Protein chains: 2
Amino acid sequence: MAAALTAPQLIEKHRPTLDQALDTIRSRAYWSPHPEHPKAYGEEHGSLGPAEGKAAFDALLGGRFEIDQPGTEGRVGGEKSPYGIELGVTYPRANPEVLIPAMRAAMPDWVVAGPEARAAVCLEIIARINARTHEFAQAVMHTSGQAYLMAMQAGGPHAQDRGMEAVAYAYVEQVRTPGTALWSKPQGKRDPLHLDKRFTPVPRGVALTIGCNTFPTWNGYPGLFASLATGNAVLVKPHPHAALPLALTVRVAREVLAEAGFDANLVALVAEGEGEGGAAGNTGIAKELALHPEVRIVDYTGSTEFGDWLEVNARQAQVYTEKAGVNTVVIDSTDDYRGMLANLAFSLCLYSGQMCTTPQNLLIPRGGIATDQGEKSYDEVTADLAGAVDKLLGDDARAVAILGAIVNPAVEGRVKEAASFGEAVLESRALTHPEFPGATVRTPVMVKLDSAAADAADTFLNECFGPVSFAVAVDSTSDAVALLRRTIREKGAMTVGGYTTDPAAEKLIEDACLTECAQLSLNLTGGVYVNQTAAFSDFHGSGGNPAANAALSDGAYVANRFRTVEVRRQA
Amino acid sequence: MAAALTAPQLIEKHRPTLDQALDTIRSRAYWSPHPEHPKAYGEEHGSLGPAEGKAAFDALLGGRFEIDQPGTEGRVGGEKSPYGIELGVTYPRANPEVLIPAMRAAMPDWVVAGPEARAAVCLEIIARINARTHEFAQAVMHTSGQAYLMAMQAGGPHAQDRGMEAVAYAYVEQVRTPGTALWSKPQGKRDPLHLDKRFTPVPRGVALTIGCNTFPTWNGYPGLFASLATGNAVLVKPHPHAALPLALTVRVAREVLAEAGFDANLVALVAEGEGEGGAAGNTGIAKELALHPEVRIVDYTGSTEFGDWLEVNARQAQVYTEKAGVNTVVIDSTDDYRGMLANLAFSLCLYSGQMCTTPQNLLIPRGGIATDQGEKSYDEVTADLAGAVDKLLGDDARAVAILGAIVNPAVEGRVKEAASFGEAVLESRALTHPEFPGATVRTPVMVKLDSAAADAADTFLNECFGPVSFAVAVDSTSDAVALLRRTIREKGAMTVGGYTTDPAAEKLIEDACLTECAQLSLNLTGGVYVNQTAAFSDFHGSGGNPAANAALSDGAYVANRFRTVEVRRQA
């Protein structure tokens with residue numbers, strides 16, 4: 001079959017975008033080719049608008065999700081929306097012993113295509129996903145529990161940006177070495193030595209992407225596209241509660257690959273039925289696949305326990321993990337007390353704190369802090385922050401649009417348990433979702449703890465994923481920074497926040513983050529939040545503390561997904 | 001104390017060289033700033049000539065090698081030259097629990113200095129080592145057993161090139177991300193969001209370089225300089241039989257660091273006494289240090305067994321290993337039979353085959369090969385190759401200048417054992433070194449095996465380090481390529497050679513190397529040998545088969561030795 005899209009056509013179409021992405025990862029200025037406004041999508045833009053996206057999603061419900069890939073043996077399914085509806089979608093059940101050899105067989109042509117054609121194919125996949133942003137938004141919303149706007153933005157354009165960023169890094173890494181070189185070494189009076197050299201980036205093998213429940217696309221795309229762009233075949237194993245967004249992704253990828261004349265089996269799905277993955281949702285077939293001798297790359301986002309297991313056991317593979325950490329905000333002083341409170345309140349509420357980047361521990365000097373509204377005692381700061389959260393969530397309709405739904409009963413359990421840890425300066429409330437009565441919606445709880453108390457650290461040094469935060473009283477800012485260092489070193493951190501007007505305190509916080517290797521946001525009081533990072537500019541995670549062994553994205557994230565083979569000949 | 005050399009001075013001095021190195025790793029053309037001709041060194045060039053180098057080395061013999069580093073507790077030593085002389089040098093015995101904290105304390109200023117100053121300091125260290133090339137040559141010769149010219153070239157300029165190459169990769173990797181960025185995100189009708197971002201490359205911690213016996217500088221410098229240039233402190237643990245070349249290196253590095261105003265403890269030595277390292281020479285204190293929680297990077301060259309142990313056990317560190325493989329040459333046909341024989345004979349003899357890149361298995365079709373001198377049977381090819389070796393080594397003085405000395409009794413034992421594996425088409429002879437009567441000198445042995453024999457693979461698929469090769473009869477070239485694939489996949493390979501005039505056979509060999517990820521040299525018949533690679537142009541190892549998990553040098557070799565910390569502030 002002749003390819004419907006040739007590689008040169010795709011290169012011509014996407015090269016300007018790739019070049020812009022390459023420029024931006026060098027400048028780290030703001031850029032995105034993927035609009036985040038919902039109204040930027042619709043028929044007039046050649047894409048699905050909100051209603052068409054919803055219709056496309058509705059058409060999937062209760063149906064058989066078909067993917068024509070080898071080794072299909074029966075069906076699996078069982079996703080239930082955190083908004084209380086059954087998705088009722090079933091997926092092909094894959095036999096890896098049939099599927100993986102087919103994926104390996106697909107690779108040689110993909111290797112020959114070279115880095116530029118691979119990048120162009122990846123960008124075409126992302127462009128088609130982008131055109132269906134509102135359909136993906138529904139799928140992300142009804143698997144993660146994110147509110148619609150967030151699912152549409154973080155699960156759509158922001159995820160697409162992160163995928164494209166990985167493609168850009170992968171491309172530039174592969175073309176650092178030229179395709180060919182003529183090497184001539186002088187030999188004094190004798191003739192020089194001449195060699196013709198050819199350098200080919202070759203993939204590691206089959207890459208496994210293990211998806212997570214909360215950000216199936218945002219956390220899944222970087223590894224998927226980094227591996228695919230470097231010539232690997234990619235096996236996508238979604239979280240059993242969040243299969244649909246990645247199943248849609250796999251189907252689009254296979255469609256583009258086939259149209260471009262490549263073997264669709266370069267991307268394939270292994271879906272897992274509800275309950276098959278064990279309590280953690282990801283330890284059944286994921287374990288088996290991660291140890292498969294043909295699987296040479298594993299990308300994983302999820303619990304520390306399984307991430308650590310992968311790092312220790314998947315010895316035949318390069319393993320990239322984003323696990324869990326304990327995120328800290330050091331509050332020393334501020335010249336915008338209201339802005340600080342509003343900013344922190346939003347960070348704590350967004351998606352019910354179910355982000356790996358949400359602050360958990362707010363370290364506040366026991367003696368209070370200096371602000372533009374005068375000295376504020378520890379009790380005042382905590383009460384004012386609780387007030388800011390209450391104000392933000394005062395209207396139920398607005399509240400659910402920020403909070404979304406609780407992703408699973410374990411999170412709900414932690415909210416209940418939090419009340420037993422200490423005095424709650426902010427109590428969690430259950431809200432009824434006006435549109436989805438079956439949704440579990442909880443407002444955040446904030447518990448006051450004193451770092452000087454004997455067992456307080458046992459509580460606040462454990463990751464408590466969900467809408468639970470601790471307002472920890474500390475002796476001083478330098479005490480807070482010591483605790484920050486200990487937290488990053490022992491527990492890891494995806495993010496650190498700091499508020500201070502004092503250059504000495506700022507330097508203390510910065511030095512701690514530089515030494516312990518954590519990403520720091522200082523004095524955020526406006527529309528940027530500590531839990532949000534922008535692709536092409538911000539690093540997500542550092543790869544240098546226990547929360548993650550990789551950062552999104554940098555050279556290290558892509559450089560070891562391929563190797564370079566040199567063939568030299570006497571010239 | 002004011003620095004004797006400022007960072008700006010060093011940058012001014014070395015920036016042109018760094019730029020040339022950066023250009024060359026992009027073009028991969030020939031370049032070296034380090035002359036390899038012995039006469040290029042001497043007083044008129046501002047360096048030590050051969051006699052001065054010898055005098056400097058002689059002055060070290062039987063003496064106390066002083067390094068003024070913290071935590072010194074007594075002395076160790078015991079190196080014995082493979083040429084039969086006792087070196088009698090003793091080194092400080094280090095207490096890592098004192099030394100490592102001092103190394104960590106040295107790092108903050110090194111981080112602040114930034115990538116360009118670090119690169120310049122590294123290049124100054126290399127330049128000073130280069131000026132003492134003949135002194136290092138003596139030290140390498142009398143620890144590795146290499147012949148003088150090889151010790152001078154491979155242990156001198158070629159090792160310095162590999163060190164500089166690592167510095168170039170480290171530099172470019174760190175400056176891919178700008179130091180600062182202004183990020184402005186449009187917000188429709190509202191004011192844009194502004195953030196000031198600062199990006200700092202931060203080191204992983206203390207890096208451990210575990211040296212090998214045969215190429216202490218060539219295999220030691222890439223890791224040492226890659227780690228130092230990326231901001232880490234480097235603890236150098238030489239092989240107990242080859243401490244002197246790395247002890248000299250550490251002393252030069254400390255001298256330059258101190259003169260440039262940095263803490264000399266950024267580079268330190270942990271020497272180990274003879275016999276303390278266990279039978280493998282590297283498993284005593286190396287094991288202990290490799291598991292030290294402050295050690296975050298390990299570079300190792302040596303046995304597969306200990307390399308595998310490091311990869312599995314040193315979980316707190318990034319581990320870069322070059323282990324052992326089984327190198328194959330596929331002989332299908334040639335249009336320069338004499339050139340092929342001469343080239344292969346030299347490859348087998350050089351340093352008595354004690355290179356990780358020396359061919360071990362020569363796969364030759366049972367039915368013979370086509371050559372410019374007509375068809376040659378398997379027996380003719382093996383006999384002619386044996387003859388070429390005999391001719392090359394016909395004169396004892398010339399022979400020892402190629403062979404050098406046998407590095408240790410285990411190699412000598414393997415030479416003896418080889419005769420029991422099958423018919424020796426080439427028998428090993430013991431030679432007396434005209435200058436060093438105590439040297440152990442052995443010519444290579446080549447044993448004929450048939451791949452169809454039941455137990456032949458048990459022999460030739462084991463690495464037999466030293467001057468032992470197997471002429472393996474195979475059914476056909478495609479049989480040879482199947483065996484090549486199996487060998488790379490199961491045992492790993494640092495190098496693969498091929499001789500063919502048939503495009504179809506060439507493609508088979510190339511495809512095998514691309515799929516199994518091994519570096520291939522085709523039809524070498526002149527002055528380039530399969531066991532030699534040139535820095536800035538050739539990759540040493542692929543990092544994609546079991547022989548090594550890294551290649552010298554590429555982005556992956558440096559990208560994970562540091563992390564990037566971002567500090568963002570509301571603008």
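The figures here come from the full heavy-atom set of this structure, side chains too, leaving out hydrogens, waters and symmetry mates. Predicted, not measured: the structure shown is a model, and the values here were computed from it. Every chain is numbered from 1, with letters handed out A, B, ... down the list of sequences.
Pairing each heavy atom of B:Gly555 with each of A:Ala559, the nearest pair is C-CB, 4.0 Å. Taking every heavy atom of both residues into account, A:Thr564 and B:Gln519 meet most closely at O-NE2, 3.1 Å. Counting all heavy atoms, side chain and backbone alike, A:Ala181 lies closest to B:Ser27 at CB-O, 3.5 Å. The heavy-atom pair separating B:Glu173 from A:Ala556 by the smallest distance is OE2-N, 4.5 Å.
Both the backbone and the side chain of B:Arg28 come within contact range of chain A, with heavy atoms under 4.5 Å apart. Looking at B:Ile509, there are no atoms closer than 4.5 Å to chain A (heavy atoms on both sides), in backbone or side chain. Only the side chain of B:Phe199 comes within contact range of chain A, with heavy atoms under 4.5 Å apart. For B:Glu510, the part lying near chain A is the side chain, with the backbone staying farther off; criterion is any non-hydrogen pair under 4.5 Å. Heavy atoms closer than 4.5 Å to chain B are found nowhere in A:Asp196, neither backbone nor side chain. Both the backbone and the side chain of B:Lys185 come within contact range of chain A, with heavy atoms under 4.5 Å apart. Contact annotation for B:Ser521: both backbone and side-chain heavy atoms come within less than 4.5 Å of a heavy atom of chain A. Residue B:Glu506 touches chain A through its side chain alone, counting heavy-atom pairs closer than 4.5 Å. With a 4.5 angstrom heavy-atom cutoff, B:Leu182 touches chain A only via backbone atoms. For B:Val312, the parts sitting under 4.5 Å from any heavy atom of chain A are the backbone and the side chain alike. Contact annotation for B:Ser537: both backbone and side-chain heavy atoms come within less than 4.5 Å of a heavy atom of chain A.
Within the model, atoms CZ of B:Phe539 and CZ of A:Arg568 stand 12.5 Å from one another, a figure rounded to the nearest 0.5 Å. Rounded to the nearest 0.5 angstrom, A:Arg315 CZ and B:Glu311 CD are separated by 6.5 Å. A:Tyr30 OH to B:His194 NE2: the interatomic distance, rounded to the nearest 0.5 Å, is 13.5 Å. Between atom CZ of residue B:Phe562 and atom CG of residue A:Asp554 there is a gap of 7.0 Å, rounded to the nearest 0.5 Å.
Using modelled atom types, no side-chain atom of B:Glu566 and backbone atom of A:His540 make a donor-acceptor pair closer than 3.5 Å.
The most heavy-atom pairs under 4.5 Å with chain B, out of A:Arg198, A:His37, A:Arg296, A:Arg561, come from A:Arg198. Contact count against chain A (heavy-atom pairs under 4.5 Å) is highest for B:Leu514 among B:Leu514, B:Val202, B:Val558. Contact count versus chain B (heavy atoms, under 4.5 Å) is highest, among A:Thr200, A:Thr177, A:Val496, for A:Thr177. Of all the listed residues (B:Trp31, B:Tyr557, B:Trp183), the one sharing the greatest number of non-hydrogen pairs under 4.5 Å with chain A is B:Trp183. Most heavy-atom pairs under 4.5 Å with chain B: of the set A:Thr515, A:Val175, A:Asp511, A:Leu195, this distinction falls to A:Leu195.
Near-neighbour residues of residues 541-549 of chain A relative to chain B, defined by a heavy atom under 4.5 Å from a heavy atom of that chain, comprise A:Ser542, A:Gly543, A:Gly544.
Put simply, the side chain of A:Cys513 does not reach to within 4.5 Å of the side chain of B:Val567, judged on heavy atoms. Contact check for B:Val172 versus A:Arg176: side-chain heavy atoms found under the 4.5 Å cut-off.
Between A:Glu516 and B:Arg204 there is no salt bridge, since no side-chain N of the basic residue sits under 4.0 Å from a carboxylate O of the acidic one.
Partner A:Gln570 forms a side-chain hydrogen bond (donor to acceptor under 3.5 Å, both in side chains) with one of B:Thr525, B:Asn523, B:Asn343 and no other, that one being B:Thr525.
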